[in-house]
Number of protein chains: 2
Amino acid sequence: MTKAKSEAATGRRIPDYSDPSYWRGTIKMSLSKFFVLSVLHRKPMHGYEVVQAVEKSTNGCCSPSEGTVYPVLNEFEAGGYLASTNEVVQGRSRKVYALTEKGRDAFQVAVDAWLEATDCIVESRRMAAGAVKREEREG
Amino acid sequence: MTKAKSEAATGRRIPDYSDPSYWRGTIKMSLSKFFVLSVLHRKPMHGYEVVQAVEKSTNGCCSPSEGTVYPVLNEFEAGGYLASTNEVVQGRSRKVYALTEKGRDAFQVAVDAWLEATDCIVESRRMAAGAVKREEREG
DNA sequence: AACCTATACCTCGATGATCGAGGCGTCAAG
DNA sequence: CTTGACGCCTCGATCATCGAGGTATAGGTT
């Protein structure tokens, strides 16, 4: 049962942290709900449209799948963050979601929390750049 | 077996999205590994120190628990992103972790991915602010 | 008619990240 | 000798997301 060295320590496989897609994955993980609220803040949309709007508005850096978005929309609606109305377009019916007051509040909270985090991220890059500069100067 | 209305639709409880701690939670979820690399980019540290350094350097906005950090450190080491040396301080031995070249590369990749995401976040706030302004002007 | 593609919504099992509670041991102060 | 800070670790539970799959209609092509 000899396992690859990298698996031996933890018992499970280790992601490739040098691969941008790893980081994009975890970014997506926490930002999907945020961006769903974000695109709906601009205008009401139906689910399919939300999926595409998120992908487009984030330049593809956060593109949640339908399997993520639809349950999220349902949950948001059940929680009172969204209200849906039925719309019939060319014989086909679709559910159009709009942010409620509660939803707008929640989005504001989310924005604040994330801006705080982005400050930390930007700051950490500044620090890292500083460390590199110090190395160049002193090393 | 009548359930609360908010639970009926999805079958599971709905978090309070108006609560900052919800968003801080998901932020933490994706940024813990990032900030572990970040603080180790500044200087080598042992695990306990990493926990405190992350908390401090992010002003508490991302404070992973020990139960998160220790497994992460082991995984990073197993993957070759960190190298550890034993250090004895006052009779007590501790493992000091330092970023390897590979780890530095991975951090750079992470920073790039996150900066792209932060741009989207900032932009989404700008759009939201614009929408509010339009409402004030027109409504 | 049969077929394909785009639209539109949904479900389910698997994976992965984190928490929090707990365990284990050392050292120093009271 | 107990308490608290240090220091490392594990495990079960929870949650977010994926991706593959299912269902159905509209419009177009062959």
Side-chain angles (χ1 to χ4, degrees), chain A residues 7 9-17 19 21-37 45-55 62-79 84 86-97 110, chain B residues 7 9-17 21-36 45-55 62-79 84 86-97 110:
Chain A
E7 294 191 20
T10 59
R12 51 175 167 143
R13 77 181 190 76
I14 294 174
D16 180 0
Y17 294 106
D19 185 349
S21 61
Y22 164 77
W23 296 99
R24 285 185 215 278
T26 69
I27 286 167
K28 208 185 310 192
M29 174 141 22
S30 48
L31 279 172
S32 291
K33 285 181 178 176
F34 175 86
F35 282 123
V36 167
L37 291 180
M45 293 181 193
H46 60 275
Y48 201 77
E49 205 180 352
V50 168
V51 173
Q52 297 169 324
V54 170
E55 161 119 44
C62 177
S63 48
S65 68
E66 293 185 19
T68 300
V69 171
Y70 284 114
V72 164
L73 289 172
N74 285 330
E75 200 194 78
F76 278 157
E77 187 179 12
S84 74
N86 257 328
E87 192 187 65
V88 178
V89 175
Q90 293 169 329
R92 270 174 296 182
S93 158
R94 33 153 102 150
K95 254 162 106 181
V96 176
Y97 294 93
Chain B
E7 294 191 20
T10 58
R12 50 175 169 142
R13 75 179 191 76
I14 295 175
D16 181 0
Y17 294 106
S21 62
Y22 164 80
W23 295 101
R24 285 186 214 278
T26 69
I27 286 167
K28 208 187 310 192
M29 175 144 18
S30 47
L31 279 172
S32 291
K33 284 181 179 177
F34 175 86
F35 281 123
V36 166
M45 293 180 194
H46 60 275
Y48 201 78
E49 204 180 352
V50 168
V51 173
Q52 297 168 323
V54 170
E55 162 118 44
C62 177
S63 48
S65 68
E66 294 184 18
T68 300
V69 170
Y70 285 115
V72 164
L73 289 172
N74 284 329
E75 201 194 77
F76 277 156
E77 186 178 14
S84 73
N86 257 327
E87 193 187 66
V88 179
V89 175
Q90 292 169 330
R92 269 173 297 181
S93 156
R94 30 152 104 149
K95 255 161 106 182
V96 176
Y97 294 92

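Order of the sequence lines fixes the chain letters, A, B, ..., with proteins taken first and strands second; residue numbering starts at 1 for each chain.
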Starting at atom [atom1] of [X], determine the distance to atom [atom2] of [N], rounded to an integer number of angstrom.
| X | N | atom1 | atom2 | answer |
| --- | --- | --- | --- | --- |
| Glu49(B) | dG7(D) | CD | C1' | 12 Å |
| Glu87(B) | dT26(C) | CD | P | 19 Å |
| Tyr22(A) | dG16(C) | OH | P | 11 Å |
| Met45(B) | dC6(D) | CE | P | 15 Å |
| Leu31(A) | dA16(D) | CG | P | 13 Å |
| Gln90(A) | dT7(C) | CD | P | 11 Å |
| His46(A) | dA24(D) | NE2 | P | 20 Å |
| Leu73(B) | dC9(D) | CG | P | 8 Å |

Phosphate contact ([N] OP1 or OP2) by [X] side-chain N/O below 4.0 Å:
| X | N | value |
| --- | --- | --- |
| Ser65(A) | dC18(D) | yes |
| Tyr70(B) | dC9(D) | no |
| Arg94(B) | dT26(C) | no |
| Lys33(A) | dA16(D) | yes |

Touch class at under 4.0 angstrom, heavy-atom based, for Gly67(B) against every strand present: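 Here Gly67(B) touches the bases of the nucleic acid.
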If every non-hydrogen atom of [X] is compared with every non-hydrogen atom of [Y], which pair is closest and at what distance?
| X | Y | value |
| --- | --- | --- |
| Ser93(B) | Asn86(B) | OG-OD1, 3.4 Å |
| Pro64(A) | Val51(A) | O-CG1, 3.8 Å |
| Asp16(A) | Tyr22(A) | O-CB, 3.6 Å |

Tyr17(A) and Phe76(B) aromatic ring geometry - parallel, tilted or perpendicular at 30°/60° bounds: perpendicular
From the set [options], return the single nucleotide nearest to any side-chain atom of [X].
| X | options | answer |
| --- | --- | --- |
| Pro15(B) | dG16(C), dC8(D), dA16(D) | dA16(D) |
| Thr68(A) | dT17(D), dC19(C), dT7(C) | dT17(D) |
| Arg92(A) | dG7(D), dA26(D), dC15(D) | dA26(D) |
| Tyr48(B) | dT17(D), dC9(D), dG7(D) | dG7(D) |
| Lys28(A) | dC10(C), dT17(D), dC9(D) | dT17(D) |
| Pro71(A) | dT11(C), dT10(D), dC8(D) | dT11(C) |

5'-most by nearest nucleotide on DNA chain C - Pro64(B) or Val96(A):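 Final value for this comparison: Val96(A).
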Residue closer to the 5' end of DNA chain C, Ser32(B) versus Glu66(A) (nearest nucleotide):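 The residue closer to the strand's 5' end, by nearest nucleotide, is Glu66(A).
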Side chain to side chain contact (heavy atoms under 4.5 Å, CB included) partner of Lys95(B), chosen from His46(B), Glu87(B), Glu77(B): Glu77(B)
Glu75(A) with Lys33(A): basic N within carboxylate O range, under 4.0 Å: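 Yes, this pair counts.
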